[in-house]
Amino acid sequence: MFKPMMIEDVYTAYGKADVLSGVTMEVWPGRITCLLGSNGSGKSTLIRSILGLTPPHSGSIVFDGLELAGLPPHGIVARGIACIPEGRRIFAKMTVEENLRMGAYLERSDAKVRANMERIYETFPRLRERRLQLAGTMSGGEQAMVSIGRGLMSSPRLLIIDEPSLGLSPALVNDNFRIIRQICESGTAVFLVEQNVRQTLAISHCGYVLAQGRVVASGTAEELRNDPEVRQAYFG
Amino acid sequence: MDFGLLTQFAINGLMLGMMYALVAVGFTLFFGVLDVIVFSHGDVVMVGGFAGLTTFYWLDAIYPGLSHGLMLLWVALASMASMALLGIVMARTMILRLRSAPPLNTLLATMMLGTVLREAVRLFYPNGSNPKPFPALLPDWSLDMGHLSLRLDNLILFSLGALLIVSIHLLITRTRLGMAIRAVAQDAETARIMGVNFNAIVFLTFALGSAAAAFAGIMNGLYYNEINFGMGLLLGAIGFSAAVIGGLGNIYGAILGGFAFAFLQTLGAVALPFASAYKDVFAFGVVILIMAWRPTGFIAEKTSERV
């Protein structure tokens, strides 16, 4: 088993204004760690910082004993991190199979790519049926499967999932959460960003609440559920 | 009009179409990947022609007895390699640096770069302001039937051009790197999240497009038997128009657009035999009409939603 991801005192800015002001958290393998917070609290920026799309200007992000801050995104992804981005962001003009291949872009062994694809097709038989269809012509639920499958293609050790239930029907949201739990049980560290607080806390082991670029609450899912501030902010 | 003459026009049109398609592919690749119009692209075609000519002079001086076939091979390889390098340098020093600037700045900068390339050849190439004869490196065998002359050199040139375009197309549709190019073109940020090295893909794209331009330059020299420092202006305008009427960002569109433009020119020459000098005016005029009728080009690229 590998070490957790340690985010320590990260500051990230767009221009001159800090969006993250000293964020510290840990994400453990085999656990679902959730990140809660309202719009504009800095959740997306934190993800961009981890992935190197908007690198932090100070602080450190250590994954598996290696510093990520300062690496380009492709260097960070190569360490075993994958992301299922918000809004699915599938490649609409590529086939389902090409989308999956993009998920394993850094994997040079075609045998491994094929084995992983086979695994994804077993989880989502629907994708196998449609593997030569252009992803952009599929329904929203199927596109969500493509996006999740693509995120799993590299067999990541840390999977970042950004707002997976956005725009999906309740039945599909349930499916998604079930799959996220399976991913985690296979030993992957899952970092889950969600607006759907009730369901998220139900499947998470622990979590953090972000507000105005700072961690304002943290603990196990149970502790967060009973935290008076979280209750007031999310459960009314 | 007699059948032989018409066929002759058709063949000439196909030759021009291939040349234009090679230039248009560059415009469409650059736009697809970076959303930029690189106005210096026509001048890269011209510099490619001069690079080929220079390679010929050198080789001729060092190995005077070299066969024409080998000579052409080296001329083409040297010109394409040096333009690929020029493309990478352009991308690295200019286009990528201007990414955060307004798109108009990139447009202006590439226009100025075009002028710099053009003037550099005019001023620094020996006797650069005059047209340069381009050596006939292909066999001059031909089959003459009345007005129709089937020339072997044209057939070879056309086949080489087609081979190059098909190779680029296969690279983009069938290989891992090509998949990365398409991914960056569709959604650069998501491609980066998948582990694509964005800068490397931009360099690859500029190398590919500029190498195709270099081949168009050599093709131009072999077809017209001369090159000159100003030829990139018209070729650039034609290549850009071809890419736009085909549908910017789509590689089939660029090829289609290239041949469509050559067809229009040829049609202009056939329909206005008394004023065939106006064939470009006719062709560009029709391009304007096509753009009014179909603003997104034959193959619309940007219609699909960008999530």
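All values below come from the heavy atoms of this structure, side chains included, with hydrogens, waters and symmetry mates left out. We name chains A, B, ... by the order of the sequence lines, and we start the count at 1 in each one.
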_Atom pair CE (M179(B)) and CD (E98(A)), whose distance is rounded to the nearest 0.5 Å_ = 6.5 Å
*Tell me, do R182(B) and K93(A) make a side-chain contact under 4.5 Å, heavy atoms counted?*
no
_Gap separating the CE atom of M102(A) from the CG atom of D187(B), nearest 0.5 angstrom_ = 10.0 Å
_M94(B), CE: over 12 other non-hydrogen atoms inside 6.0 angstrom_ = yes
*Inspect the surroundings of CZ in F263(B) and state if more than 12 heavy atoms from other residues, nucleotides or ligands are less than 6.0 Å away.*
no
*Taking atom CZ of R97(B) as the centre, report whether more than 12 heavy atoms of other residues, nucleotides or ligands fall under 6.0 Å from it.*
no
*asked:* Is it true that, when you exclude R119(A) itself, more than 12 heavy atoms of the residues, nucleotides or ligands shown sit nearer than 6.0 Å to its CZ?
replied: yes
_cation_pi(R176(B), Y105(A)) dist<6.0 Å, angle<=45_ = yes
*Could you give the distance from CZ (R192(B)) to CG (L53(A)), rounded to the nearest 0.5 Å?*
5.5 Å
*asked:* Heavy-atom cut-off 4.5 Å, strictly under: side chain, backbone, both or neither for L106(A) against chain B?
replied: both
*Let me know if R48(A) has heavy atoms under 4.5 Å from chain B in its side chain, its backbone, both or neither.*
side chain
*In this structure, are over 12 heavy atoms from other groups packed under 6.0 Å from E8(A) atom CD?*
no
*Within a strict 4.5 Å, meaning less than it, do heavy atoms of the V77(A) and M194(B) side chains meet?*
no
*Kindly compute the distance separating CD1 (I193(B)) from NE2 (H74(A)), expressed to the nearest 0.5 Å.*
14.0 Å
*T190(B) and R150(A): side-chain contact (heavy atoms from CB on, under 4.5 Å), yes or no, with the steps?*
CA-CA 11 Å; T190(B) 305; R150(A) 189 181 61 179; 3.6 Å; yes
